[in-house]
Amino acid sequence: MAGTTERTALEERQELQSERLRDTVAHAYENVRFYRDRLDETGVSPEDIQSVDDLERLPFTTKEDFRDEYPDGLFAVDADELLRIHASSGTTGKPKIVGYTERDLELWDEVMARSMEAAGIEPGDTVQNAYGYGLFTGGLGFHGGAEELGTTVIPTGSGNTQRQVELARDLESDVLACTPSYALYFAETAHEMGVDPRELPVSTVLYGAEPCTEPMRAELEDRLGAAGIENYGLSELIGPGVAVECREAQDGMHIWEEHFYPEVIDPQTDETLPEGEEGELVLTSLSKEALPVLRYRTGDLTSLTYGECACGRTTARMDSVTGRADDLLIVRGVNLYPSQIEDVVLEFDAVAPHYRIDLSREDELDRLALTVELAEGFDGDRERLREAVLERLENALSVRPDSLDVVEYGTLERTEVGKVKRVYDHR
Ligand code: DLL
């Protein structure tokens, strides 16, 4: 796509980033009281930020800041300049409200079209968009990008899954855009309808919006007979369209970093971490009008890689998100993320890609109860499987769940709309 720095030398991109950073900081300072106060308190003036190397001098922006400034305290333009409002899918408390000017919407379409192009989607392809339409950025984000790229988009939104299977078959959808959990549900529904999901024309699944381990990706690819390409983004920055894997290498997600500048920090010490080290992703918007964000702490844990990718793109790449800083489970002193449990459990062919973690507290101690589901048609020894999973968890993670239930295929609730919930904290 023209006018991007996807394949330019690092120095050239950095110059552009620095120029845009200066503009963004000035824009935020002049038009958002929150940023003006924060910078003044910190003793940093916009002139102090001349290049991306000065970024570390800026204070962070957090989810709490969005909540405190609800609904529109972080907006940098007047309400009549907004063309659209979305909100994040926060499960608790107030949603984070985000707004877009005309230029922001154009930018969003551009980064989404670019993401889809990098994912190997071509003009003329048919994209069935099963991300939710509405306040969630998934639906309209993919929709805009698909049209910008010149594909045919079928705006099914989420839910109504039998109908979706029929449409995918009858309209010959090449691409299914949805969360990874929905892709699995879609495959299951097809199977129940007597349709072999692998026989459907879908050859690419543009998944995202939820964590997805490699074994989970392998499951969804296998069940749908399609390539899974991972997408990452968040409402606070724009929505989907922040980063995507390239079809050629699938070696980390390319961050469209002339618009979203990435850093990874140690969430405890707030120090910036070097390439390859895992920590919390921090993003700064470089081209946003309505909602510029400076050093936004995403809460998402990942690491960054620099250097040219086998596909020829030179952008920074981020690894799959292993979890959220606030998803950390501490079970009898052992630090653990749900994705680590997923990784181990899905090693077992006899286990379906559905599980549930329940946390409770008894006598001041945390209890972890794990429920896994049997693969369809399993007729082996259930108790032996249970023991094997327990032993493997203990070896791999140094923690043994207090209880492990192995339930029949189809027992655990499926997510047809919205993001999957696998951890239930009753503490
Ligand atoms: O989930 C935007 C999106 C839509 C991304 C469709 C990709 C596809 P929010 O609802 O604001 O926006 O939620 C953002 O979702 O901070 C992550 O915690 C999580 N998330 C998004 N993509 C991924 C991913 C959209 N690939 C929050 N892997 C983010 C893991 C993801 N988590």
Side-chain angles (χ1 to χ4, degrees), residues 61-63 66-67 85-100 108 111-112 115-116 118-119 127 129-146 157-158 175-183 204-214 216-217 220 228-245 250 252-256 260 262 264 267 278 280-283 285 291 293 296-303 317-328 337-339 342 415 417-423:
T61 307
T62 64
K63 292 185 191 302
F66 264 84
R67 300 236 154 83
I85 301 274
H86 278 281
S88 78
S89 45
T91 42
T92 50
K94 286 184 192 149
K96 292 170 229 104
I97 305 293
V98 299
Y100 304 76
W108 196 12
V111 288
M112 276 311 302
S115 298
M116 293 171 86
V127 178
N129 184 14
Y131 283 109
Y133 282 70
L135 284 174
F136 177 49
T137 51
L140 284 164
F142 275 83
H143 188 101
S158 49
V175 180
L176 180 65
C178 64
T179 59
S181 55
Y182 189 74
T204 307
V205 180
L206 295 178
Y207 72 85
E210 288 168 3
C212 181
T213 59
E214 279 304 319
M216 191 65 97
R217 182 215 297 257
L220 82 83
I229 304 276
E230 180 165 18
N231 291 263
Y232 171 84
L234 63 169
S235 318
E236 297 90 308
L237 266 294
I238 200 158
V242 173
V244 69
E245 285 180 326
Q250 292 199 271
M253 290 182 272
H254 290 279
I255 303 178
W256 304 134
F260 313 107
V264 164
E278 184 173 283
E280 181 175 352
L281 180 67
V282 171
L283 291 168
S285 75
L291 187 59
V293 280
Y296 184 64
R297 291 184 67 143
T298 64
D300 296 324
L301 299 173
T302 184
S303 60
R317 279 167 285 153
M318 62 182 274
D319 203 1
S320 286
V321 173
T322 51
R324 301 187 40 80
D326 43 12
D327 275 352
L328 178 67
Y337 287 99
S339 61
E342 177 174 310
T415 308
V417 175
K419 300 194 186 198
V420 68
K421 182 169 163 66
R422 295 200 174 95
V423 180

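Since the structure is predicted, the reported quantities are computational estimates derived from the model, not experimental observations. Every number for a ligand or one of its atoms is a count from 1 in the order of the listing.
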Query raised in the report: Quick one: which of Gly299, Pro95, Gly233, Gly239 has a heavy atom closest to atom 5 (C) of ligand 1?
Result: Gly233

Requested in this report: Using a 4.0 Å heavy-atom threshold (strictly under), name the region of Thr137 that reaches ligand 1: side chain, backbone, both or neither.
Outcome: side chain

Query raised in the report: Which one of Glu210, Glu236, Glu245 has a non-hydrogen atom at the shortest distance from atom 28 (N) of ligand 1?
Result: Glu210

Query raised in the report: For the side chain of Lys421 and the backbone of Val423, is there at least one donor-acceptor N/O pair under 3.5 Å apart?
Result: yes

Report summary line: Logged contact type for Tyr131 with ligand 1, heavy-atom cut-off 4.0 Å, is side chain

Query raised in the report: Does Arg324 reach ligand 1 with a nitrogen or oxygen that is under 3.5 Å from one of the ligand's nitrogen or oxygen atoms?
Result: yes

Report task. Please answer whether the main-chain N or O of Ile238 pairs with a side-chain N or O of Tyr100 as donor and acceptor at a distance below 3.5 Å. Result -> yes

Report task. May I ask you to decide whether Lys96 forms a salt bridge with Glu236, counting only side-chain N to carboxylate O separations under 4.0 Å? Result -> yes

Report summary line: Check: of Ala177, Ala209, Gly138, min heavy-atom distance to atom 31 (C) of ligand 1 comes from Ala209

Query raised in the report: Quick one: does Val282's side chain get under 4.5 Å of Tyr296's, heavy atoms only?
Result: no

Query - 4.0 Å heavy-atom contact, Lys96 with ligand 1 - result: no

Report task. Compute the minimum heavy-atom distance from Phe142 to ligand 1 and say whether it is under 4.0 Å. Result -> yes

Query raised in the report: Tell me, do Leu206 and Val175 make a side-chain contact under 4.5 Å, heavy atoms counted?
Result: yes

Report task. Using distance alone, with no hydrogens and no angle criterion, decide if Thr213 and Glu342 have a side-chain donor and acceptor under 3.5 Å apart. Result -> yes

